[in-house]
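This report concerns only the one structure given below.
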Amino acid sequence: MKTAITPTRSENFSEWYQSLIVASDLAENSPVRGCMTIKPYGWAIWELMREEMDRRIKAAGVQNANFPLLIPIEFFNKEAEHVAGFAKECAVVTHHRLKMIDGQLQPDPDSKLTEPYIIRPTSETIIGDAMSRWVQSHRDLPLKLNQWVNVMRWEMRPRMFLRTSEFNWQEGHNVFATHKEANEDARKMHKIYGEYMREVLAIESIMGEKTEEERFAGADKTYTVEQIMQDGKALQAGTSHDLGQHFAKSFNIKFLGTSGKLETAWTTSWGTSTRMMGSLLMVHSDDDGLILPPMVAPHQIVIIPIVRDDDTLVMNNFSQEIGEKLRAKGIRVLVDTSDMRSADKIWKWIKRGVPLRIEIGAREMLNNNLTITRRDIGRDSKQTISVDELLNSASDLLNTIQKDMLSVVQERNKILITDVADLNKLDKYLTDGKIGFFRVNYEQTLDKKFDDLMEKHKISRRCLDDKDPSYVFVAKSY
RNA sequence: CGGGGCGUAGCUCAGUCUGGUAGAGUGCUUGGUUUGGGACCAAGAUGUCGCGUGUUCGAAUCAUGUCGCCCCGACCA
């Protein structure tokens, strides 16, 4: 059978992924190396994802703010581990003026900055600086801030959505009076991320703490939301850090406690990015294109009037009426009255992952019927129902699609997670080409033999198992 | 930054080995027939062959330099 996306997932997963993004019109590579242009349809999905995340963040008592794009190098230099982690991938602003020199526009040597700025790869430092001024008394705590911004990390090998040099994200930064509160906060945000992935993106995640070598630069503990792609590789979709007092000490975030003594605060940071969209694509899509969970679908329903030359106007009007009635129920509906051929419209919206497609033909209109097809199931779900039946059931049907998509992922995860008793078994599975996550006793991975396996099979420790931290999940990753 | 591949029409690519008028498919435009999962016929428009230098009567083709992209590594809270 002909598929909309070539190659297929099984033929070449990474090429399929690139083709999928082009075919569904989400984004394209830009003239700037490592940076992508997110096109209107892709951005519409991101906006829906962002709105729902923002709602949940605010519900956790966090306020939005906005900090500068440029960070003084001296700030960055204050936390040693942090510098070590990020220095290799920072873009630096060194001049503030251009000049025509020998017919070439160049940075004007006379405009060199005495103190260069770096473009934020993350904002712990500049927010830490602000916090040191904003936090004076225990009454100022907790202070919970978030910003939705772009950041830049000069990546060696970019891939659209998964790893781009510039990306959009939210980064939250909270301050507390005690370590207990800070750690609870990091865990709370971690839990919120997991719920969001499940309820909004219909993705079941593997939740847990990062092992020491995978931890954020400057954190005491990092909690991660790991997801399993259809090719079995892991994607880190959101992290939450207990920063201990590393940044509070470096930036002098202190407060007068109830006892009247000056105390050092405790901070957390937590973030999710457009990388989640990469996960959304690689978890749900098939060889015909995107499949969007209704909650983040820009168009939850598309209505395609099947027109002939003589009935175009009446068919389009009838379709618009149904569209209006569905919108009145709070459903995002697109009525595609463009003058493309019907078959082309159908494929266009299949590729773009619209959860529910409605086709209306002339005879159906006379009988007040229409035909619906679910994107997640495809042809087999095609059925003709009455307009009234649709209006009554549309919202429920979208909820059902959302739930069914999650169930598919949960079932697939069961197959893609394998318990292994020892390193020899792990080696054998990987040598045999088994894909997915492997759950291994953590102590065993401290053996040098495990380092060899990591090297041999390009695997890494993804996270400890939340349900039993004496086990660690191991996988190949993006 | 290493190893490999690629750069030719909007897109996918042939042509390069063996130098001699710039090609195909698809898409696009127009007209007609069609229309419930990617239609058909006809006509038409579309190029700095990535860029520079060299060899040559003549370069998409050979040499050399350079830029960019892709894949595999290294790197990646």
Side-chain angles (χ1 to χ4, degrees), chain A residues 1-7 12-15 17-19 22-23 28-34 79 81-90 120-124 151 153-160 162-165 167 169 171 210-224 234-236 238-243 246-247 269-273 275 288-289 304-312 315 339-351 357-365 369-373 375 378-384 455 458 460 463 477-478:
Chain A
M1 195 187 301
K2 192 181 174 188
T3 58
I5 310 291
T6 49
N12 185 334
F13 196 81
S14 63
E15 276 188 41
Y17 176 75
Q18 300 283 342
S19 306
V22 174
E28 62 182 28
N29 275 316
S30 76
V32 184
R33 189 198 131 76
E79 214 295 318
E81 283 180 42
H82 197 60
V83 181
F86 283 108
K88 295 185 293 281
E89 48 188 33
C90 286
R120 62 180 164 220
T122 178
S123 304
E124 272 77 6
V151 292
R153 298 176 189 181
W154 210 266
E155 296 292 351
M156 301 301 262
R157 203 172 139 197
R159 308 189 54 165
M160 283 204 276
L162 302 182
R163 183 175 296 110
T164 47
S165 291
F167 59 92
W169 75 341
E171 48 175 324
K210 280 286 187 194
T211 53
E212 189 181 347
E213 82 282 357
E214 297 281 338
R215 206 176 276 157
F216 178 75
D220 272 359
K221 287 175 182 291
T222 289
Y223 302 97
T224 181
L235 189 73
Q236 177 180 307
T239 48
S240 165
H241 316 289
D242 172 354
L243 300 173
H246 294 221
F247 289 90
S269 70
W270 31 279
T272 53
S273 71
R275 177 184 264 192
D288 282 332
I304 299 172
I306 308 295
V307 301
R308 295 167 171 277
D309 278 347
D310 53 348
D311 64 6
T312 303
M315 289 302 303
D339 67 356
M340 279 192 286
R341 291 163 26 80
S342 302
D344 290 340
K345 287 186 198 177
I346 289 170
W347 277 106
K348 173 178 174 178
W349 296 114
I350 288 173
K351 285 188 286 193
R357 183 175 75 249
I358 296 177
E359 296 162 39
I360 307 175
R363 276 187 307 277
E364 283 176 326
M365 182 179 70
N369 282 342
L370 39 73
T371 298
I372 61 172
T373 312
R375 176 62 182 90
R379 283 184 161 87
D380 294 344
S381 64
K382 195 164 179 170
Q383 56 172 316
T384 301
E455 174 87 5
K458 310 294 173 202
S460 57
C463 64
S477 76
Y478 278 100

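All chains are named by letter (A, B, ...) in the order of the sequence lines, taking the proteins before the strands, and each is independently numbered beginning at 1. The basis for the numbers below is simple: all heavy atoms, side chains too, and nothing from hydrogens, waters or symmetry mates.
- A salt bridge does not link A:Asp311 with A:Arg308: every distance from a Lys NZ or Arg NE/NH1/NH2 to an Asp or Glu carboxylate oxygen is 4.0 Å or more.
- Taking the P atoms as reference points, B:G23 lies 25 Å from B:A63, given to the whole Å.
- Among the protein residues, A:Gln236 comes within range of the nucleic acid bases, having at least one heavy atom under 4.0 Å from a base atom.
- Across B:U61 and B:U16, the matching C1' atoms stand 4 Å from one another, rounded to whole Å.
- Both distances falling under 3.5 Å, in either a Watson-Crick or a G-U wobble arrangement, occur for no nucleotide opposite B:G27.
- Among the atoms of the strands shown, none is found under 4.0 Å from any heavy atom of A:His82.
- The distance between atom CG of A:Asp311 and atom P of B:U34, rounded to the nearest whole Å, is 14 Å.
- The CG atom of A:Leu162 sits 11.0 Å away from the CD atom of A:Glu155 when rounded to the nearest 0.5 Å.
- One C1' atom belongs to B:G27, the other to B:U46, and the distance between them is 11 Å to the nearest Å.
- At least one side-chain nitrogen or oxygen of A:Asn29 sits closer than 4.0 Å to the OP1 or OP2 atom of B:C70.
- When both pairing distances are held under 3.5 Å, B:C40 makes a Watson-Crick or G-U pair with B:G32.
- Nearer to the 5' terminus of RNA chain B, by closest-nucleotide assignment, is the contact made by A:Ser14 (compared with the other of A:Glu214 and A:Ser14).
- Using a 4.0 Å heavy-atom distance criterion, A:Lys210 is classed as making no nucleic acid contact.
- Contacts of A:Phe247 with the nucleic acid, taken as non-hydrogen atoms under 4.0 Å apart, are absent.
- Nucleotides B:A45 and B:G7 are separated by 25 Å at their C1' atoms, to the nearest Å.
- B:G44 and B:A9 have their C1' atoms separated by 15 Å, given to the nearest Å.
- Nucleotides B:G52 and B:G5 are separated by 25 Å at their P atoms, to the nearest Å.
- Distance noted for atom P between B:G10 and B:G4: 32 Å (whole Å).
- With a 6.0 Å radius and a threshold of 12 heavy atoms from other residues, nucleotides or ligands, A:Trp154 has its CH2 atom at or below the threshold.
- For A:Leu162 and B:C70, the CG to P distance is 13 Å, given to the nearest whole Å.
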Review point. Which letters describe nucleotides 36-41 of chain B, given B = protein heavy atom under 4.0 Å from base, S = only from sugar-phosphate, - = neither?
Key: BBBB--

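- Using P as the reference atom, B:G47 and B:C17 are 25 Å apart when rounded to the nearest Å.
- Both distances falling under 3.5 Å, in either a Watson-Crick or a G-U wobble arrangement, place B:U66 opposite B:G50.
- Across all non-hydrogen atoms, the minimal contact from A:Arg120 to A:Glu171 is CD-OE2, 4.4 Å.
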